[in-house]
Number of protein chains: 2
Amino acid sequence: MSAASTPEPSRRSELLGIAAVLFAERGFKNTTVRDIADAAGILSGSLYHHFDSKESMVDELLDTFQTELWARYDEIEASDRTPKQKLEAVVRASFQAIDEHHSEVAIFQNDAAYLAGFDRFAYLGERNLKFRELWTGLLTAGVASGELRAGLDVELVYRFLRDTVWVAVRWYRPGGALTPADVADQYLTILLEGISQ
Amino acid sequence: MSAASTPEPSRRSELLGIAAVLFAERGFKNTTVRDIADAAGILSGSLYHHFDSKESMVDELLDTFQTELWARYDEIEASDRTPKQKLEAVVRASFQAIDEHHSEVAIFQNDAAYLAGFDRFAYLGERNLKFRELWTGLLTAGVASGELRAGLDVELVYRFLRDTVWVAVRWYRPGGALTPADVADQYLTILLEGISQ
DNA sequence: GTCTATAACTCGATAGAC
DNA sequence: GTCTATCGAGTTATAGAC
């Protein structure tokens, strides 16, 4: 049912998945190539048949994830929705990403600041900037359209939004009682309506 | 004006402060004892005249900070306020802590999960549990008293609250344009009233 | 209180056999 | 595709001189 076309799909991506889980659990720096090899049942030297370096593993993980995520964001931004509806859609897409790419989001959340210091991961900084423009643009448009409260400190709300969405990766567990749609619903209710009676 | 009583107060706490900044900026694992010594203008071996190990440095930083923070929390909890007022006070005290102990909060936010795996840092897990009880207790009481919206998923709101407050350490800069009281005001408005028009 | 010198160890990565 | 064997760099920590 699978394969038949691509040359070496299985083993490589399998190893990458193992590395992703370990990076997410312990952090990039706290995970050794020997840890990864042990978890895969091979020796550390054998990893270098598949990958150039430990850095290139995390690079591939983050780059693939971010490209896919931004395909969704771009689609939402270009869609025929009001600013507030777009905001809701972006929040939902983000929680969906936490569900589908849990390890990658965790790595991004925990290690991106450290990795962004290297030339190789400069794209992380660029994506962050694009992300900021997307959210602040939607918030500003929402205030202008009258959907969101006037006088909002857009910059501050953006930071709360961004952090609250992504930090959920620390407690959310895929396959648990809550679906990403559940979490997004609850979160949007709090954000939009508040918790006061 | 200082000293006169304690035996060796100055140099030791100075070194600890330097270590705190580096741990906060780069992470515990990414900071070497040589980095700390360099920043202090001495050689790495000399650090061991003041501290047993690198671990004992971060231990002292986190323990001192948490003890002080919980003194404030306990005071608020025991005070004569309504649940909602206590919730607001705890949020304000937390942003105050981000302002006054920025490095310690950043270390706690970034490295606590990793450190908690060692016996030595078991108290981190205990504090987390106590923290959860404090917040969920206040939320439950607030719903019961009618100050907070009925039907709140207390467990979920707790997680959002906890994470959103502490993750602010990633962008908040002490001495900047926003005081911790400003941030707390804005945050509580969003949390309690929402951003919808 | 700091420096010199170094032990003991772990890490990422490589070369070549199988 | 994996293993054997190992290099070289970097890490925490120590012992003793100054």
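Values below: every heavy atom of this structure, side chains too, minus hydrogens, waters and symmetry copies. A note on names: the letters A, B, ... follow the listed sequences, proteins ahead of strands, and every chain is numbered from 1.
Protein atom CD of A:Glu14 is 13 Å distant from nucleotide atom C1' of D:dG1, rounded to whole Å. As a whole-Å value, the separation of A:Ile42 CD1 from C:dC18 C1' is 16 Å. The separation between B:Arg26 atom CZ and D:dG10 atom P is 15 Å, rounded to whole Å. Rounded to whole Å, atom P of D:dG1 lies 15 Å from atom CD1 of A:Ile18. Going from atom CZ of B:Phe51 over to atom P of D:dT12 covers 15 Å, rounded to whole Å. Taking atom NZ of A:Lys54 as the reference point, atom C1' of C:dC11 lies 8 Å away to the nearest angstrom. A:Asn30 has its CG atom 12 Å from the P atom of D:dT12, to the nearest Å. To the nearest angstrom, P of C:dA13 lies 15 Å from NE2 of A:His50.
Residue pairs meeting the salt bridge (charged side-chain N to carboxylate O under 4.0 Å, His left out) criterion with at least one partner in residues 186-197 of chain B, sequence neighbours excluded, do not occur; the list is empty. Residue pairs meeting the salt bridge (charged side-chain N to carboxylate O under 4.0 Å, His left out) criterion with at least one partner in residues 89-102 of chain A, sequence neighbours excluded, are A:Arg72-A:Glu100, A:Arg92-A:Asp185.
Counting non-hydrogen atoms under 4.0 angstrom, B:Leu43 reaches a base of the nucleic acid.
The overall bend of the helix from C:dG1-D:dC18 to C:dC18-D:dG1, read as the angle between its terminal helix axes built from five base pairs each, is 10° when rounded to 10 degrees.
Considering only residues two or more places apart in sequence or on other chains, A:Trp171 meets the ring pair (Phe, Tyr, Trp, His ring centres under 6.0 Å) condition with none of them. Listed by chain and number, the residues in a side-chain contact (heavy atoms from CB on, under 4.5 Å) with A:Arg132 are A:Thr136, A:Glu155, A:Tyr158 (sequence neighbours excluded). Remark: B:His101 pairs with B:Phe65 by the ring pair (Phe, Tyr, Trp, His ring centres under 6.0 Å) rule, at least two apart or across chains. In this structure B:Tyr172 satisfies the ring pair (Phe, Tyr, Trp, His ring centres under 6.0 Å) test with no other residue, sequence neighbours excluded.
A heavy-atom distance below 4.0 Å to DNA chain C is reached by these residues of residues 31-38 of chain A, ordered by number: A:Thr31, A:Thr32, A:Val33, A:Arg34.
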Between the protein and nucleotides 14-17 of chain C, which nitrogen or oxygen pairs are less than 3.5 angstrom apart?
none

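Connectivity analysis of hydrophobic side chains (ILVMFWY, heavy atoms under 4.5 Å, direct or indirect) links B:Phe28 to B:Leu15, B:Leu16, B:Ile18, B:Leu22, B:Phe23, B:Val33, B:Ile36, B:Ile42, B:Leu47, B:Tyr48, B:Phe51, B:Met57, B:Val58, B:Leu61, B:Leu62, B:Ile107, B:Phe108, B:Tyr114, B:Leu115, B:Phe118, B:Phe121, B:Tyr123, B:Leu124. Under a 4.5 Å side-chain heavy-atom criterion applied to ILVMFWY residues, the cluster that includes B:Val167 comprises A:Val167 as well. Hydrophobic cluster of B:Leu129: no remaining members, since no ILVMFWY side chain lies below 4.5 Å from it.
B:Lys130 and B:Glu77 are not joined by a salt bridge, as no carboxylate oxygen comes within less than 4.0 angstrom of a charged side-chain nitrogen. Ionic pairing of A:Glu147 and A:Lys86 is not present here: no N-O contact between side-chain nitrogen and carboxylate oxygen is shorter than 4.0 angstrom.
OP1 or OP2 of D:dT2 has not a single side-chain nitrogen or oxygen of A:His49 nearer than 4.0 Å. Put simply, A:Arg11 has a side-chain N or O that comes within less than 4.0 Å of OP1 or OP2 on D:dT2.
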